[in-house]
Amino acid sequence: MKIVVFGFGTMGKLLCDAVKEHPHLDLVNVIEPYGRDEHQMVSSNLEKLTPNFDVMIDFSHPANIQMILSYCTAHKKPLVICTTGFDQAAIESITLAATFIPIVLASNTSQGINLMHQLLRRAIQALAADFDIEIIETHHNKKLDAPSGTANSLLKTIQEALPEPYRVEYGRQGMAKRTQKEIGIHSLRGGTVVGEHTVVLAGEDEIIEIKHTALSKKVFVKGAIRAAQFIHQKPAKLYSMEDVIQ
Ligand SMILES: NC(=O)c1ccc[n+]([C@@H]2O[C@H](COP(=O)([O-])OP(=O)(O)OC[C@H]3O[C@@H](n4cnc5c(N)ncnc54)[C@H](OP(=O)(O)O)[C@@H]3O)[C@@H](O)[C@H]2O)c1
């Protein structure tokens with residue numbers, strides 16, 4: 001299977017190495033965003049890319065998404081989006097593009113986080129009436145987006161499992177008690193932490209914590225490759241990592 005990698009930062013480089021070493025994958029090109037102008041408009045060598053590949057994997061920056069979607073829909077290429085930090089308009093563009101091409105949108109490609117979503121659904125259904133819910137995520141000091149894309153997707157899973165929507169409190173501060181129907185979400189940044197996500201369910205005299213720790217960025221690379229293998233020759237649709245890891 002022929003792969004194009006979009007983005008040559010930390011993750012893009014690790015992914016390229018893994019694709020090169022993989023017995024069934026062939027790295028045909030790497031697209032590097034460049035030339036940001038004063039309006040932060042990005043260009044890249046994407047226009048020159050020959051569409052002789054099977055799947056594109058994006059590990060870059062949200063600023064590149066329109067360019068990537070335009071290319072992949074024009075050339076009918078399956079896409080794995082691993083970048084995080086998209087706004088609502090970008091999510092809508094991705095959803096629209098997925099009516100023309102297959103797309104995996106995965107804010108976290110690790111196997112463990114995807115199991116965490118399943119455990120969380122069960123825990124919320126069983127405990128939400130009596131337990132307060134807080135999300136804590138910790139990442140390295142170079143991470144741009146906060147809360148992390150994974151924390152946002154855990155939040156979405158919790159909201160979907162609740163009988164009614166809860167208010168979200170980002171980085172609690174001030175002089176007010178928490179209310180019962182709210183979810184606290186807190187981002188810590190420092191050092192070289194690869195990624196930690198904890199959902200705390202705190203009840204009267206007991207606490208349950210569901211926690212995932214990524215010890216190496218290799219877990220994300222492995223999952224991105226798995227997503228690319230999954231999406232190759234799938235029909236147009238927006239897929240999640242839970243579709244990939246069943
Ligand atoms: N899905 C997952 O499991 C997972 C796991 C880890 C990370 N991620 C996400 O993957 C993305 C890349 O992470 P990373 O650690 O590789 O980041 P990185 O080292 O900062 O690399 C980011 C890439 O995007 C480009 N870029 C940076 N700022 C840009 C801008 N303003 N406009 C256009 N392009 C820009 C960089 O180009 P230059 O080198 O020219 O700046 C580089 O190619 C992030 O969104 C991160 O949150 C996802």
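Keep in mind that this is a model prediction, so the values were computed, not measured. Whatever order the structure lists ligands and atoms in, that order sets their numbers, starting from 1.
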Problem set entry | Numbering as shown, the atoms of ligand 1 that approach Asn64 to under 4.0 Å (heavy-atom distance) | 33 (C), 34 (N)
Seminar exercise, completed: Taking only non-hydrogen atoms of Gly9 and a 4.0 Å limit, the atoms of ligand 1 in range are 16 (O), 19 (O), 21 (O), 42 (C), 43 (O)
Exercise. Is the closest N or O pair between Thr83 and ligand 1 shorter than 3.5 Å?
Worked result: no
For this session: Check Ala224 against ligand 1 and report side chain, backbone, both or neither, counting heavy atoms closer than 4.0 Å.
Result: neither
For this session: Ignoring angles and geometry beyond distance, decide whether Met11 reaches within less than 3.5 Å of ligand 1 through its nitrogen or oxygen atoms.
Result: yes
Exercise. Where the side chain of Glu137 meets the backbone of Ala151, is there a donor-acceptor pair that is under 3.5 Å apart?
Worked result: no
Problem set entry | Check: Tyr71 main-chain N/O paired with Lys77 side-chain donor or acceptor under 3.5 Å | no
For this session: Please work out whether the ring planes of His197 and His139 are parallel, tilted or perpendicular, with thresholds of 30° and 60°.
Result: perpendicular
Exercise. Can you tell which part of Thr150 has a heavy atom less than 4.0 Å from ligand 1: side chain, backbone, both or neither?
Worked result: neither
For this session: Return yes or no for this condition: an N or O of Phe220 is under 3.5 Å from an N or O of ligand 1.
Result: no
Problem set entry | Glu206 (side chain) donor-acceptor with Gly203 (main chain) under 3.5 angstrom | no
Problem set entry | Within-shell test, Gly85 vs ligand 1, heavy atom, strictly < 4.0 Å | no
Exercise. Just by modelled atom types, is the Thr84 backbone N or O under 3.5 Å from a matching donor or acceptor in the Ser107 side chain?
Worked result: no
Exercise. Which of the numbered atoms in ligand 1 are below 4.0 angstrom from a heavy atom of Gly7?
Worked result: 43 (O)
Exercise. With no hydrogens and no angle check, is any side-chain donor or acceptor of Ser93 less than 3.5 Å from a backbone partner on Ala89?
Worked result: yes
Exercise. Taking only heavy atoms of Phe59, which atoms of ligand 1 are found under 4.0 Å from at least one of them?
Worked result: 2 (C), 4 (C), 5 (C), 8 (N), 10 (O), 12 (C), 48 (C)
Exercise. Taking both backbone and side-chain atoms of Ser107, is any N or O found less than 3.5 Å from an N or O belonging to ligand 1?
Worked result: yes
Exercise. Should side-chain heavy atoms under 4.5 Å link Ile, Leu, Val, Met, Phe, Trp and Tyr, which residues sit in the same cluster as Leu188?
Worked result: Ile136, Val200, Ile207
For this session: May I ask you to decide if Ser240's main-chain N or O and Asp243's side chain share a donor-acceptor pair within less than 3.5 Å?
Result: yes
Exercise. Should we say atom CD of Gln111 is surrounded by more than 12 heavy atoms from elsewhere, each under 6.0 Å from it?
Worked result: no
For this session: Begin with the C-alpha distance, continue with both residues' side-chain angles, and end with the deciding distance and a verdict on side chain to side chain donor-acceptor pair (under 3.5 Å) for Ser110 and Asn108.
Result: CA-CA 6 Å; Ser110 78; Asn108 192 309; 2.9 Å; yes
Seminar exercise, completed: Candidates His139, Lys143, His61; heavy atom nearest atom 31 (N) of ligand 1 found on His61
Exercise. Based purely on interatomic distance, does Lys217 place a nitrogen or oxygen under 3.5 Å from a nitrogen or oxygen of ligand 1?
Worked result: no
For this session: Report yes if Phe8 has an N/O atom closer than 3.5 Å to an N/O atom of ligand 1; otherwise report no.
Result: yes
For this session: Counting heavy atoms only, name the option from Ser153, Ser60, Ser148, Ala63 that's nearest to atom 44 (C) of ligand 1.
Result: Ser60
